[in-house]
Amino acid sequence: MKLEKAIWWILISLFVVGSILFFFHLWLLSAWAIAHPEYAAFIIGLLGFWLFANRLIFGYAGLTTFASSFLKGQEPDKKDLLVRARQKITKLEEWTVTSLLALWQEVLEPYKYAYYLAFFLVFVCTMLFELGFWGDEIASWVAKGLMFGAAIPTLLVFGLDLLASHYVSEALSRESL
Amino acid sequence: MRNPALVFVVCVLMALFLGWATGSFFTETSVSKAIASIPGSPIVLEAKYDQENHAIVYSVFNPGGMPETIIQQAFVFKPGRETKEKGYVVSNIPVHITLPPGETSEVVMKLKTGTERLHLGDVVLATFTYMHPLSPDLYTVVHSFEMGATKNKQEKKASSQPGSSPAQKSKKSSKGGHK
(Lines give C-alpha, C1' and ligand atoms only; values in the text may rest on other atoms or scores of the structure.)
Protein backbone atom coordinates (compact mmCIF):
# COMPACT_ATOMS: atom_id res chain seq x y z
CA MET A 1 0.00 0.00 0.00
CA LYS A 2 2.82 2.35 0.91
CA LEU A 3 4.84 1.44 -2.15
CA GLU A 4 1.79 1.84 -4.36
CA LYS A 5 1.12 5.34 -3.05
CA ALA A 6 4.78 6.30 -3.18
CA ILE A 7 5.11 5.24 -6.82
CA TRP A 8 1.85 6.96 -7.71
CA TRP A 9 3.00 10.23 -6.14
CA ILE A 10 6.44 10.04 -7.74
CA LEU A 11 4.93 9.46 -11.15
CA ILE A 12 2.28 12.15 -10.89
CA SER A 13 4.79 14.70 -9.63
CA LEU A 14 7.15 13.82 -12.50
CA PHE A 15 4.23 14.21 -14.90
CA VAL A 16 3.13 17.54 -13.46
CA VAL A 17 6.64 18.97 -13.18
CA GLY A 18 7.43 17.81 -16.70
CA SER A 19 4.24 19.38 -18.06
CA ILE A 20 4.95 22.68 -16.31
CA LEU A 21 8.52 22.76 -17.60
CA PHE A 22 7.29 21.86 -21.05
CA PHE A 23 4.47 24.35 -21.33
CA PHE A 24 6.48 27.27 -19.95
CA HIS A 25 9.57 26.41 -22.00
CA LEU A 26 11.78 26.03 -18.97
CA TRP A 27 15.01 24.08 -18.54
CA LEU A 28 15.40 23.10 -22.22
CA LEU A 29 12.76 20.38 -21.83
CA SER A 30 10.51 21.63 -24.62
CA ALA A 31 13.49 22.11 -26.95
CA TRP A 32 14.53 18.52 -26.28
CA ALA A 33 10.98 17.25 -26.74
CA ILE A 34 10.60 19.11 -30.03
CA ALA A 35 13.93 17.75 -31.28
CA HIS A 36 13.10 14.17 -30.24
CA PRO A 37 9.30 13.90 -30.27
CA GLU A 38 9.29 10.08 -30.29
CA TYR A 39 11.30 9.86 -27.04
CA ALA A 40 9.03 12.45 -25.43
CA ALA A 41 5.97 10.49 -26.57
CA PHE A 42 7.46 7.29 -25.15
CA ILE A 43 7.97 8.92 -21.75
CA ILE A 44 4.50 10.48 -21.79
CA GLY A 45 2.96 7.12 -22.70
CA LEU A 46 4.91 5.29 -20.00
CA LEU A 47 4.16 7.82 -17.25
CA GLY A 48 0.54 8.44 -18.21
CA PHE A 49 -0.43 4.82 -18.68
CA TRP A 50 1.43 3.78 -15.54
CA LEU A 51 -0.63 6.32 -13.59
CA PHE A 52 -3.79 4.61 -14.78
CA ALA A 53 -2.33 1.11 -14.44
CA ASN A 54 -0.88 1.69 -10.97
CA ARG A 55 -3.94 0.52 -9.10
CA LEU A 56 -4.31 -2.51 -11.37
CA ILE A 57 -0.64 -3.50 -11.11
CA PHE A 58 -0.55 -3.24 -7.33
CA GLY A 59 -4.04 -4.70 -7.03
CA TYR A 60 -3.24 -7.83 -9.02
CA ALA A 61 0.20 -8.14 -7.38
CA GLY A 62 -1.40 -7.95 -3.91
CA LEU A 63 -4.13 -10.36 -4.94
CA THR A 64 -1.48 -12.83 -6.13
CA THR A 65 0.48 -12.47 -2.90
CA PHE A 66 -2.55 -12.97 -0.65
CA ALA A 67 -3.98 -15.87 -2.67
CA SER A 68 -0.66 -17.73 -2.92
CA SER A 69 0.08 -17.31 0.79
CA PHE A 70 -3.46 -18.53 1.53
CA LEU A 71 -2.83 -21.56 -0.68
CA LYS A 72 0.35 -22.29 1.26
CA GLY A 73 -1.76 -22.55 4.40
CA GLN A 74 -1.29 -19.16 6.00
CA GLU A 75 -4.43 -17.33 7.05
CA PRO A 76 -4.19 -13.69 5.89
CA ASP A 77 -5.55 -10.85 7.98
CA LYS A 78 -9.07 -10.19 6.73
CA LYS A 79 -9.04 -6.52 7.75
CA ASP A 80 -5.77 -5.94 5.90
CA LEU A 81 -7.23 -7.69 2.87
CA LEU A 82 -10.31 -5.48 2.99
CA VAL A 83 -8.20 -2.32 3.25
CA ARG A 84 -6.08 -3.39 0.31
CA ALA A 85 -9.21 -4.10 -1.74
CA ARG A 86 -10.52 -0.60 -0.81
CA GLN A 87 -13.95 -1.99 0.04
CA LYS A 88 -16.28 -1.58 2.97
CA ILE A 89 -18.49 -4.46 4.04
CA THR A 90 -20.45 -5.38 7.12
CA LYS A 91 -20.21 -8.64 9.09
CA LEU A 92 -16.59 -9.26 8.18
CA GLU A 93 -16.44 -12.38 10.33
CA GLU A 94 -19.00 -14.10 8.06
CA TRP A 95 -16.86 -13.58 4.96
CA THR A 96 -14.31 -16.20 4.06
CA VAL A 97 -10.87 -15.25 2.77
CA THR A 98 -11.62 -16.62 -0.69
CA SER A 99 -14.82 -14.60 -0.99
CA LEU A 100 -12.85 -11.49 -0.04
CA LEU A 101 -10.29 -12.36 -2.70
CA ALA A 102 -13.10 -12.85 -5.23
CA LEU A 103 -14.58 -9.50 -4.20
CA TRP A 104 -11.23 -7.80 -4.69
CA GLN A 105 -10.84 -9.35 -8.14
CA GLU A 106 -14.38 -8.30 -9.03
CA VAL A 107 -13.65 -4.70 -7.97
CA LEU A 108 -10.60 -4.51 -10.24
CA GLU A 109 -12.48 -5.88 -13.24
CA PRO A 110 -14.05 -2.61 -14.57
CA TYR A 111 -10.73 -0.76 -14.13
CA LYS A 112 -9.03 -3.46 -16.13
CA TYR A 113 -11.44 -3.20 -19.05
CA ALA A 114 -11.35 0.60 -19.08
CA TYR A 115 -7.55 0.40 -19.12
CA TYR A 116 -7.49 -2.15 -21.94
CA LEU A 117 -9.93 0.01 -23.90
CA ALA A 118 -7.64 3.04 -23.58
CA PHE A 119 -4.64 0.99 -24.69
CA PHE A 120 -6.63 -0.47 -27.57
CA LEU A 121 -7.60 3.02 -28.77
CA VAL A 122 -3.96 4.13 -28.65
CA PHE A 123 -2.97 0.98 -30.52
CA VAL A 124 -5.60 1.49 -33.24
CA CYS A 125 -4.62 5.15 -33.66
CA THR A 126 -0.98 4.07 -34.00
CA MET A 127 -1.96 1.58 -36.69
CA LEU A 128 -3.88 4.27 -38.57
CA PHE A 129 -0.93 6.66 -38.35
CA GLU A 130 1.39 3.91 -39.45
CA LEU A 131 -0.79 3.06 -42.45
CA GLY A 132 -0.77 6.73 -43.40
CA PHE A 133 -4.46 7.49 -43.02
CA TRP A 134 -3.53 10.82 -41.48
CA GLY A 135 -0.44 12.70 -40.41
CA ASP A 136 3.09 12.47 -41.72
CA GLU A 137 6.09 10.38 -40.69
CA ILE A 138 6.78 12.40 -37.53
CA ALA A 139 3.17 11.92 -36.40
CA SER A 140 3.46 8.18 -36.90
CA TRP A 141 6.69 8.15 -34.91
CA VAL A 142 5.03 10.03 -32.07
CA ALA A 143 2.08 7.65 -32.07
CA LYS A 144 4.39 4.64 -32.13
CA GLY A 145 6.52 5.99 -29.28
CA LEU A 146 3.37 6.64 -27.22
CA MET A 147 2.13 3.12 -27.94
CA PHE A 148 5.43 1.49 -26.92
CA GLY A 149 5.49 3.54 -23.73
CA ALA A 150 1.93 2.49 -22.94
CA ALA A 151 2.66 -1.15 -23.78
CA ILE A 152 5.06 -1.59 -20.84
CA PRO A 153 2.52 -1.10 -18.00
CA THR A 154 -0.08 -2.92 -20.12
CA LEU A 155 2.15 -6.00 -20.25
CA LEU A 156 2.59 -5.86 -16.47
CA VAL A 157 -1.19 -5.62 -15.99
CA PHE A 158 -1.74 -8.50 -18.40
CA GLY A 159 0.75 -10.82 -16.72
CA LEU A 160 -0.28 -10.02 -13.16
CA ASP A 161 -3.95 -10.40 -14.08
CA LEU A 162 -3.32 -13.89 -15.45
CA LEU A 163 -1.30 -14.83 -12.39
CA ALA A 164 -3.86 -13.42 -9.93
CA SER A 165 -6.83 -15.07 -11.63
CA HIS A 166 -4.98 -18.40 -11.55
CA TYR A 167 -4.29 -18.18 -7.80
CA VAL A 168 -7.79 -16.92 -6.96
CA SER A 169 -9.44 -19.71 -8.90
CA GLU A 170 -7.10 -22.21 -7.18
CA ALA A 171 -8.13 -20.84 -3.80
CA LEU A 172 -11.84 -20.95 -4.72
CA SER A 173 -11.65 -24.52 -5.98
CA ARG A 174 -9.82 -25.61 -2.83
CA GLU A 175 -12.48 -24.00 -0.62
CA SER A 176 -15.33 -25.66 -2.49
CA LEU A 177 -13.87 -29.15 -1.98
CA MET B 1 -4.04 -20.30 -17.82
CA ARG B 2 -3.53 -23.23 -15.52
CA ASN B 3 0.11 -22.99 -14.74
CA PRO B 4 1.98 -19.99 -13.30
CA ALA B 5 5.07 -21.16 -15.19
CA LEU B 6 3.13 -20.88 -18.46
CA VAL B 7 2.04 -17.36 -17.53
CA PHE B 8 5.66 -16.54 -16.80
CA VAL B 9 6.87 -17.91 -20.12
CA VAL B 10 4.18 -16.10 -22.11
CA CYS B 11 4.90 -12.81 -20.35
CA VAL B 12 8.66 -13.17 -20.78
CA LEU B 13 8.19 -13.82 -24.49
CA MET B 14 5.90 -10.81 -24.82
CA ALA B 15 8.37 -8.65 -22.89
CA LEU B 16 11.14 -9.85 -25.18
CA PHE B 17 9.18 -8.89 -28.28
CA LEU B 18 8.13 -5.58 -26.75
CA GLY B 19 11.73 -4.72 -25.90
CA TRP B 20 12.86 -5.79 -29.33
CA ALA B 21 10.20 -3.68 -31.04
CA THR B 22 10.92 -0.65 -28.85
CA GLY B 23 14.66 -0.90 -29.37
CA SER B 24 14.40 -1.32 -33.11
CA PHE B 25 11.89 1.52 -33.28
CA PHE B 26 14.27 3.96 -31.60
CA THR B 27 17.15 2.69 -33.73
CA GLU B 28 15.03 3.16 -36.83
CA THR B 29 14.10 6.74 -35.95
CA SER B 30 17.69 7.75 -35.20
CA VAL B 31 19.03 6.07 -38.34
CA SER B 32 16.40 7.62 -40.57
CA LYS B 33 17.07 11.02 -38.99
CA ALA B 34 20.76 10.57 -39.78
CA ILE B 35 20.04 9.51 -43.35
CA ALA B 36 17.61 12.39 -43.87
CA SER B 37 20.44 14.84 -43.19
CA ILE B 38 22.71 13.43 -45.92
CA PRO B 39 22.36 14.83 -49.43
CA GLY B 40 23.02 12.34 -52.21
CA SER B 41 24.30 12.79 -55.72
CA PRO B 42 21.62 12.13 -58.34
CA ILE B 43 22.14 9.16 -60.63
CA VAL B 44 20.69 8.91 -64.11
CA LEU B 45 19.38 5.37 -64.30
CA GLU B 46 17.81 5.45 -67.72
CA ALA B 47 17.31 7.77 -70.65
CA LYS B 48 14.70 7.35 -73.37
CA TYR B 49 14.06 9.35 -76.47
CA ASP B 50 10.49 10.51 -76.86
CA GLN B 51 9.84 10.67 -80.61
CA GLU B 52 6.59 12.62 -80.44
CA ASN B 53 7.74 15.45 -78.22
CA HIS B 54 11.34 15.46 -79.47
CA ALA B 55 12.61 15.20 -75.94
CA ILE B 56 14.76 12.88 -73.86
CA VAL B 57 13.19 11.53 -70.67
CA TYR B 58 15.71 10.76 -67.94
CA SER B 59 14.96 8.62 -64.89
CA VAL B 60 16.94 10.28 -62.15
CA PHE B 61 17.39 8.57 -58.82
CA ASN B 62 18.17 10.62 -55.73
CA PRO B 63 19.90 8.21 -53.30
CA GLY B 64 20.22 10.69 -50.44
CA GLY B 65 17.79 11.74 -47.74
CA MET B 66 17.43 15.36 -48.80
CA PRO B 67 15.45 16.80 -51.67
CA GLU B 68 17.55 18.18 -54.48
CA THR B 69 16.59 20.72 -57.09
CA ILE B 70 17.72 20.69 -60.69
CA ILE B 71 18.02 24.36 -61.60
CA GLN B 72 19.55 24.18 -65.02
CA GLN B 73 19.86 21.85 -67.99
CA ALA B 74 22.35 22.08 -70.83
CA PHE B 75 23.17 19.79 -73.72
CA VAL B 76 25.57 19.25 -76.55
CA PHE B 77 24.29 17.54 -79.66
CA LYS B 78 26.87 15.50 -81.58
CA PRO B 79 25.61 14.16 -84.91
CA GLY B 80 26.04 10.55 -85.85
CA ARG B 81 26.53 9.28 -89.42
CA GLU B 82 22.90 9.02 -90.46
CA THR B 83 21.69 12.51 -89.64
CA LYS B 84 22.01 15.65 -91.72
CA GLU B 85 21.85 17.82 -88.63
CA LYS B 86 25.03 19.61 -87.58
CA GLY B 87 26.32 19.59 -84.07
CA TYR B 88 25.11 22.30 -81.74
CA VAL B 89 25.22 23.36 -78.13
CA VAL B 90 22.29 24.52 -76.06
CA SER B 91 23.16 25.73 -72.62
CA ASN B 92 21.35 27.26 -69.69
CA ILE B 93 17.78 26.02 -69.90
CA PRO B 94 16.46 27.15 -66.52
CA VAL B 95 14.23 24.57 -64.87
CA HIS B 96 13.03 23.91 -61.35
CA ILE B 97 12.64 20.18 -60.81
CA THR B 98 12.70 18.85 -57.28
CA LEU B 99 13.99 15.32 -56.82
CA PRO B 100 12.34 13.82 -53.72
CA PRO B 101 14.69 11.85 -51.43
CA GLY B 102 15.14 8.16 -52.08
CA GLU B 103 12.96 8.13 -55.18
CA THR B 104 13.35 7.90 -58.91
CA SER B 105 11.79 10.81 -60.74
CA GLU B 106 11.45 11.65 -64.41
CA VAL B 107 13.20 14.65 -65.87
CA VAL B 108 12.24 15.71 -69.36
CA MET B 109 14.73 17.61 -71.48
CA LYS B 110 13.23 19.10 -74.62
CA LEU B 111 15.61 19.21 -77.53
CA LYS B 112 15.88 22.31 -79.69
CA THR B 113 12.69 22.95 -81.62
CA GLY B 114 12.98 22.98 -85.38
CA THR B 115 15.73 20.41 -85.44
CA GLU B 116 15.56 16.93 -86.87
CA ARG B 117 14.51 13.86 -84.95
CA LEU B 118 17.37 11.88 -83.47
CA HIS B 119 18.86 9.18 -85.65
CA LEU B 120 20.93 6.16 -84.78
CA GLY B 121 24.34 7.14 -83.50
CA ASP B 122 23.44 10.68 -82.49
CA VAL B 123 24.85 11.60 -79.10
CA VAL B 124 23.29 14.04 -76.67
CA LEU B 125 25.57 15.00 -73.82
CA ALA B 126 23.33 16.45 -71.11
CA THR B 127 24.49 18.42 -68.10
CA PHE B 128 22.16 18.82 -65.13
CA THR B 129 23.02 21.46 -62.57
CA TYR B 130 21.51 20.84 -59.17
CA MET B 131 21.53 22.25 -55.67
CA HIS B 132 20.80 20.82 -52.25
CA PRO B 133 19.56 22.61 -49.13
CA LEU B 134 22.83 22.49 -47.19
CA SER B 135 24.81 24.95 -49.28
CA PRO B 136 24.36 27.43 -52.14
CA ASP B 137 26.93 25.59 -54.25
CA LEU B 138 26.13 24.20 -57.70
CA TYR B 139 26.83 20.58 -58.66
CA THR B 140 26.60 18.94 -62.03
CA VAL B 141 25.78 15.54 -63.42
CA VAL B 142 26.83 14.81 -66.99
CA HIS B 143 25.06 12.09 -68.90
CA SER B 144 25.74 10.98 -72.41
CA PHE B 145 22.82 9.56 -74.37
CA GLU B 146 23.48 7.72 -77.56
CA MET B 147 20.57 6.99 -79.82
CA GLY B 148 20.19 3.28 -80.40
CA ALA B 149 22.88 2.22 -77.95
CA THR B 150 22.16 -0.65 -75.60
CA LYS B 151 21.42 0.14 -72.02
CA ASN B 152 24.66 -0.77 -70.28
CA LYS B 153 26.72 1.03 -72.87
CA GLN B 154 25.00 4.37 -72.43
CA GLU B 155 25.09 4.43 -68.63
CA LYS B 156 27.65 6.94 -67.61
CA LYS B 157 28.18 9.47 -64.92
CA ALA B 158 30.95 11.96 -65.34
CA SER B 159 30.51 14.28 -62.40
CA SER B 160 32.85 12.38 -60.10
CA GLN B 161 35.45 11.38 -62.67
CA PRO B 162 35.88 14.18 -65.20
CA GLY B 163 39.10 12.69 -66.59
CA SER B 164 37.63 9.36 -67.59
CA SER B 165 34.55 10.62 -69.41
CA PRO B 166 36.08 11.82 -72.72
CA ALA B 167 37.83 8.49 -73.25
CA GLN B 168 34.61 6.56 -72.66
CA LYS B 169 32.74 8.88 -74.90
CA SER B 170 35.11 8.48 -77.81
CA LYS B 171 35.03 4.72 -77.42
CA LYS B 172 31.28 4.75 -77.46
CA SER B 173 30.89 7.02 -80.46
CA SER B 174 33.23 4.86 -82.51
CA LYS B 175 31.17 1.78 -81.60
CA GLY B 176 28.01 3.60 -82.55
CA GLY B 177 29.50 4.46 -85.89
CA HIS B 178 29.96 0.83 -86.84
CA LYS B 179 26.30 0.01 -86.43
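Everything numeric in this text was worked out from a predicted model, so none of it was measured. Numbers restart at 1 for each chain; the letters A, B, ... are given by sequence-line order, proteins then strands.
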Plane angle bin for [Y] and [X] - parallel if under 30°, tilted between 30 and 60°, otherwise perpendicular:
X	Y	answer
B/Phe17	B/Trp20	parallel
B/Tyr58	B/His143	perpendicular
B/His132	B/Tyr139	parallel

Task: Options A/Thr64, A/Leu163, A/Leu155, ranked by heavy-atom pairs under 4.5 Å with chain B, top entry - done: A/Leu155
Task: B/Asn62 (side chain) donor-acceptor with B/Pro67 (main chain) under 3.5 angstrom - done: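 Not a single qualifying donor-acceptor pair exists.
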TODO: Tell me, for A/Leu156 versus chain B, whether the close heavy atoms (under 4.5 Å) come from the side chain, the backbone, both or neither.
DONE: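 Neither part, no heavy atoms under 4.5 Å.
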Task: Proximity breakdown for A/Tyr39 and chain B, heavy-atom pairs closer than 4.5 Å - done: both
